[in-house]
Amino acid sequence: MYRNSIKELIKWKLSEYRKPLLVFGARQVGKTWLIKEFGRTEYRQTVYINFEEEKKMRDLFLADFNIPRIISALEAFTGHKIVPDEALIVFDEIQMASQGITSLKYFCENAPQYHVIVSDSLLGMMLHEGVSFPVGKVDFLHLYPMSFYEFLLAMGENGLANILENKQFDIMSLFSNKFIEFLRYYFYAGGMPEAVATFAENRDWQQTREVHNKILLAYERDFSKHAPKEIYHRIKMAWQSIPSQLAKENRKFIYGLIKESARAKNFELAIQWLLDSGLLIQCFRNKTPNIPLNAYQDLSAFKLYHNDIGLLGAMSKLSPRTVIEGNLLFTEYKGVFAEQFVIQQLRLNNNFSIFYFSPDTYSMEVDFIIQNENDEIIPIEVKAETNLKAKSFKYFCEKYKPVKAIRTSLTDYKEEEWMTNLPLYAINTM
């Protein structure tokens, strides 16, 4: 299995300004596997401590933050000499070790010769109560579910993946049916590594869904285990409302769908808890497409997407039959899976600021509007079918005249005078 984030880890290793690295993300997105694979391929030795499993090591940092003492303790525990620049030190589930996060400051200041990676879930980061976070002393890497490109590689479709990576649109159109076939598979399997590995091994639909359900059950157990008791039930209600929220024609989050007469003040903390855990993606409304977009966002209007399209399908009870029966997957559910797919791929680019557009003065909406690293504002219209009528999108382009506009659909790549049609499966190439 290949993860693009390996490139970021190699860049971190080679940087002269390297600091201890915190790899974080939602549970089950593959943080531990990624770090171990990085250690296996890039270092002579990996010193791995999982503080959830190794209870006797949890007090490692309590006595003091003397790095020679800490290294000596690690050597005694593992039975191996730790050679600077040749060994990777990995602290997994760091939230379980008292003062573990604080220790990173001292690795940064007093022992930069040691390569240290800390793995923590976003949920874990919320559990560091009363701990001073080493601001400015840590590098960060946010890991998300696998992209469609990574999914193709996991499925053994290296040729399709290379075409996608190299943006070979002329060749891409020749294999459009095959791309769409694997896009349907991705809509079902999603990007959680265990589910992808299960599907890639034998294309067992039921077994893959069982993996999804196991992950969802683990998430809900986290609610009861870690969430404040006073908002536990609201977290669960908000979480379970996501499929119905997205199934609406207008996907703006409506509190009344959680519970009749529900209000923002009753569920804001619950939703924030889910966002902080990395289980949801929030997309705010933008009212005016000017730079910077976040200066014109409406904090009271937003959409909430799932963290993974496969898990959304499991919550929505999406059957394998829907995937197998051609374009039914793209025409049902009002295109919700197409939008979920697009935002899941777009957020992999850290340079994008992502919103949806809807002004105050008239009734229209553009699915997504992004600001890229060049401060270009790009509207994106998501069409789940091959029917490409989009009045709001065209009106936006005529009124605001963006330098670039993207319509993504199941049709082939095509440049037009006012916009570019980008195949849905190639949205990550923009």
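Being a predicted model, the structure only gives us computed values, none of them experimental.
For the side chain to side chain contact (heavy atoms under 4.5 Å, CB included) test, residues two or more places apart in sequence or in another chain that qualify with Glu415 are Tyr413, Thr420. For Arg58, there are no salt bridge (charged side-chain N to carboxylate O under 4.0 Å, His left out) partners two or more places apart in sequence or in a different chain. With sequence neighbours left out, Glu365 forms a salt bridge (charged side-chain N to carboxylate O under 4.0 Å, His left out) with Lys303. With sequence neighbours excluded, no residue satisfies side chain to side chain contact (heavy atoms under 4.5 Å, CB included) with Pro112. A search for ring-ring contact (aromatic ring centres under 6.0 Å, His included) contacts involving Phe179 returns Tyr425, not counting sequence neighbours. Considering only residues two or more places apart in sequence or on other chains, Glu220 meets the salt bridge (charged side-chain N to carboxylate O under 4.0 Å, His left out) condition with Lys236. Under the rule for a salt bridge (charged side-chain N to carboxylate O under 4.0 Å, His left out), the partners of Lys81 that lie at least two apart in sequence or sit in another chain are Glu75. Qualifying side chain to side chain contact (heavy atoms under 4.5 Å, CB included) partners for Thr78, counting only residues two or more places apart in sequence or in other chains: Val47, Ile49, His80. Remark: Pro193 pairs with Met1, Arg3, Met146 by the side chain to side chain contact (heavy atoms under 4.5 Å, CB included) rule, at least two apart or across chains.
The pair Glu86-Arg44 counts as a salt bridge, with a side-chain nitrogen and a carboxylate oxygen less than 4.0 angstrom apart. With respect to Glu181 and Arg184, no salt bridge is recorded, no charged nitrogen being found less than 4.0 Å from a carboxylate O. Under 4.0 Å is where a charged nitrogen must lie from a carboxylate oxygen, and between Arg27 and Asp222 at least one such pair does.
Within the 4.5 Å cutoff, the side chain of Phe182 has heavy atoms near those of the Leu152 side chain.
Pairs engaging residues 153-171 under the side chain to side chain donor-acceptor pair (under 3.5 Å) rule: Tyr149-Glu165, Glu157-Lys178 [sequence neighbours left out]. Residue pairs that meet the salt bridge (charged side-chain N to carboxylate O under 4.0 Å, His left out) test with at least one member in residues 97-115, sequence neighbours left out, are Glu109-Lys137.
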Side-chain donor-acceptor pairs of residues 59-67 under 3.5 Å, sequence neighbours excluded:
from	atom 1	to	atom 2	distance (Å)
Asp64	OD1	Asn66	N	2.9
Asp64	OD1	Arg69	NE	2.8
Asp64	OD1	Arg69	NH2	3.4
Asn66	OD1	Arg69	N	2.9

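Partner of Phe393 under the ring pair (Phe, Tyr, Trp, His ring centres under 6.0 Å) criterion, chosen from Tyr400, Phe368, Trp418: Trp418.
Checked against the 6.0 Å centroid threshold, Phe151 and Tyr185 do not count as a close aromatic pair.
Side-chain contact annotation: Asp308 with Gln344, donor-acceptor N/O pair under 3.5 Å present.
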